[in-house]
Amino acid sequence: MIPLSWPETNRRLERAAALLNDDRPAPAPAGPCHLGIDLGTADVVFMALDARGEPVSCFLEWTEVVRDGVVVDFAGAVEVARRLLRRTEERLGLSFRRASTSYPPGTDPKLSTYILDRLGLEVAGLADEPSCVARLLELERTAVVDVGGGTTGTAVVRGGRVVFSGDLPTGGRHITLVLAGHYGIPPEEAELRKRTGDPAEILRLARPTLERMCEIVAGHIRGHDVRELLLTGGTCCLPGVDRVFAEVLGLPVRLPGQPLLLTPLAIAALGLAAG
Ligand code: ATP
């Protein structure tokens, strides 16, 4: 069942997007469910998969409990996670004893596993974020590039194995700050403008920051035989990001239909692989 094909991955991502923050009770899933918890700098996502790996719930809260891979507000993180766990359990009519989680490359995994501990959940699966994506998909000589809220992370995959991973602090938050400065508006308003403003203008203003992200990736992949880039992370929702990476790095780029949900899907699928 794993690794998944690219069309099948995209189909599951669309399914997860259709379920986003849907609290309506779902029919009882057949077989055991697998829960994935993604604690990011911009949002926390809980995604549950049924025994076949089909998304059955997906809850997301925008929050700032993590910064550069470090949980800066532990009590806040636990509170958000408790709320999302309750919503997941109420929707599915079951209670979870285990979950999978992740962390940015080079940071301490305990920061995420402490939160599971506080929720009374055992760790079913644990891997750094790009490695989760590398395990989900069939990849060869590919750099998985995760552009999240706070950082840009790269994992180079060869023969289905991650041979290098790195993470540096430039992410979507930096684009938001550029927009805030340009328009003379507070960051919260700039965050909204980033998603709803004129895409061509936003891309033009974001371009220098995106080029900085490309430089980070160029540094990460230097010396590795990389044939394609796979983009993931919420910042890749910005229309045209794939074109900038392709132009600057001169490599073919794959972009999923729902870049914000690929890492959460891959984290939840760790439990599936673990059985
Ligand atoms: P990190 O990986 O740095 O820990 P994270 O996991 O919280 O952060 P993601 O959830 O992958 O990061 O992405 C969050 C970022 O995606 C935020 O900066 C947010 O502004 C950006 N983002 C989300 N949706 C969109 C959109 N439609 N257009 C542009 N940016 C978006």
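Hydrogens, waters and symmetry mates are skipped; everything else that's a heavy atom, side chains included, is used.
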Quick one: does any side-chain atom of Ser100 pair with a main-chain N or O of Leu270 as donor and acceptor, under 3.5 Å?
no
Establish whether Leu261 and Leu139 are linked, either directly or via other cluster members, by ILVMFWY side-chain heavy-atom contacts under 4.5 Å.
yes
Treating Arg98 as the side-chain partner and Leu121 as the backbone partner, does any N or O pair qualify as donor plus acceptor under 3.5 Å?
no
First locate atom OH of Tyr103, then atom SG of Cys132, and finally report the distance between them rounded to the nearest 0.5 Å.
8.0 Å
Hey, does Pro256 have a side-chain heavy atom less than 4.5 Å from the side chain of Gln258?
no
Rounding to 0.5 Å, atoms SG (Cys33) and CG (Leu94) come to a distance of 5.5 Å
same_hphob_cluster(Leu231, Leu260) at 4.5 Å side-chain heavy-atom cutoff
no
Between Glu89 and Ser95, a side-chain donor and acceptor under 3.5 Å
no
Over 12 non-hydrogen atoms of neighbours within 6.0 angstrom of OH in Tyr114
no
Transitively linked via ILVMFWY side-chain contacts under 4.5 Å: Val133 with Val156?
no
Would you say Asn10's side chain and Gly257's backbone share a donor-acceptor pair under 3.5 angstrom?
yes
Should Thr142 and Leu229 be marked as a side-chain contact (heavy atoms from CB on, under 4.5 Å) after you check the CA-CA gap, both sets of side-chain angles, and the distance that decides it?
CA-CA 6 Å; Thr142 303; Leu229 305 175; over 6 Å; no
Would Arg141 and Glu228 satisfy salt bridge (Lys or Arg N to Asp or Glu O under 4.0 Å), going step by step from the backbone distance to the final call?
CA-CA 7 Å; Arg141 294 170 204 248; Glu228 67 159 353; over 6 Å; no
Counting N and O atoms only, with roles assigned by atom type, does the side chain of Lys194 sit under 3.5 Å from a partner on the main chain of Gly172, one being a donor and the other an acceptor?
yes
Considering only heavy atoms from C-beta outward, does the side chain of Phe46 approach that of Glu61 to under 4.5 Å?
no
Contact check, side chains of Glu189 and Leu192, non-hydrogen atoms, under 4.5 Å:
no
Flag, side chain of Thr152 to backbone of Thr170, donor-acceptor distance under 3.5 Å
yes
Does the cation-pi check pass for Arg195 over Trp62, that is, NZ or CZ under 6.0 Å from the six-membered ring centre and within 45° of its axis?
yes
On a heavy-atom basis, the closest approach of Thr235 and Gly148 is OG1-O, 2.9 Å
Do NZ/NE/NH1/NH2 and the carboxylate oxygens of Glu122 and Arg97 come within less than 4.0 Å?
no
Using side-chain heavy atoms (C-beta onward) and a distance below 4.5 Å, is Ile115 in contact with Ile37?
no
How close do Cys214 and Val248 get, heavy atom to heavy atom, and via which atoms?
CB-CG1, 3.6 Å
Identify whether the distance between the nearest side-chain nitrogen and carboxylate oxygen of Arg118 and Glu79 falls below 4.0 Å.
no
Which is it for Arg11 and Glu54 under the salt bridge (Lys or Arg N to Asp or Glu O under 4.0 Å) test, yes or no, and what are the steps along the way?
CA-CA 10 Å; Arg11 193 192 60 73; Glu54 195 69 33; 2.8 Å; yes
Between the side chains of Asp146 and Thr232, does any donor sit under 3.5 Å from an acceptor?
no
Heavy-atom closest pair (Ser165 atom, Pro105 atom, distance to 0.1 Å) is OG-CB, 3.7 Å
Could you walk me through whether Leu249 and Val226 pass side-chain contact (heavy atoms from CB on, under 4.5 Å), step by step?
CA-CA 11 Å; Leu249 293 167; Val226 168; over 6 Å; no
Do Leu168 and His220 make a side-chain contact, defined as non-hydrogen atoms from C-beta onward lying under 4.5 Å apart?
yes
Roughly how far apart are Glu8 CD and Leu137 CG, rounded to 0.5 Å?
11.0 Å
Spacing of CG belonging to Leu203 relative to CD belonging to Glu201, to within rounding of 0.5 Å:
11.0 Å
N-O pairing of Asp23 and Arg87 below 4.0 Å:
yes
Given Thr88 and Met47, is the side-chain contact (heavy atoms from CB on, under 4.5 Å) satisfied, shown in steps?
CA-CA 8 Å; Thr88 303; Met47 193 185 295; over 6 Å; no
Closest non-hydrogen atoms of Phe59 and Asp22, given as atom of the first, atom of the second and distance, are CZ-O, 3.3 Å
Can you tell whether the side chains of Glu215 and Arg212 come within less than 4.0 Å, N to carboxylate O?
yes
Under the side-chain contact (heavy atoms from CB on, under 4.5 Å) criterion, do Ser112 and Leu39 qualify, and how do the steps go?
CA-CA 7 Å; Ser112 297; Leu39 295 155; 3.9 Å; yes
Please say yes or no: joined through hydrophobic side-chain contacts below 4.5 Å, possibly via intermediate residues, are Val45 and Ile267 part of one cluster?
no
Establish, from distance only, whether the side-chain atoms of Glu129 and Thr263 form a donor-acceptor pair under 3.5 Å.
no
Within the structure provided, determine whether Leu238 and Cys236 are in side-chain contact (heavy-atom separation under 4.5 Å).
no
Working to the nearest 0.5 Å, report the span between CD1 of Ile175 and CZ of Arg207.
12.0 Å
Between Glu247 and Arg243, is there a salt bridge with N-O shorter than 4.0 Å?
no
Can you measure from CG (Leu251) to CG (Leu230) and round to the nearest 0.5 angstrom?
12.5 Å
Heavy-atom donor-acceptor pair, Thr41 side chain to Gly150 backbone, under 3.5 Å
yes
So, His174 side chain and Gly171 main chain: donor-acceptor pair closer than 3.5 Å or not?
yes
Identify the two heavy atoms, one from Leu265 and one from Pro55, that lie closest to each other, and give their separation to 0.1 Å.
CD1-CG, 4.2 Å
Could you tell me if the side chain of Leu255 sits less than 4.5 Å from the side chain of Pro259, heavy atoms only?
yes
Can you tell me if CZ on Arg254 sees more than 12 non-hydrogen neighbours from other groups inside 6.0 Å?
yes
Exam field: side chain Ser102 to backbone Ala127, donor-acceptor pair closer than 3.5 Å:
yes
Do the side chains of Trp6 and Leu49 join up, straight or via other hydrophobic residues, at under 4.5 Å, putting them in one cluster?
yes
Can you name the closest pair of heavy atoms from Thr176 and Pro187 and give their distance?
CG2-O, 3.4 Å
Can you find a heavy atom in the side chain of Arg91 that is under 4.5 Å from one in the side chain of Leu19?
yes
Using the six-membered ring of Tyr183, assess whether NZ or CZ of Arg193 lies under 6.0 Å from its centre and within 45 degrees of the ring axis.
yes
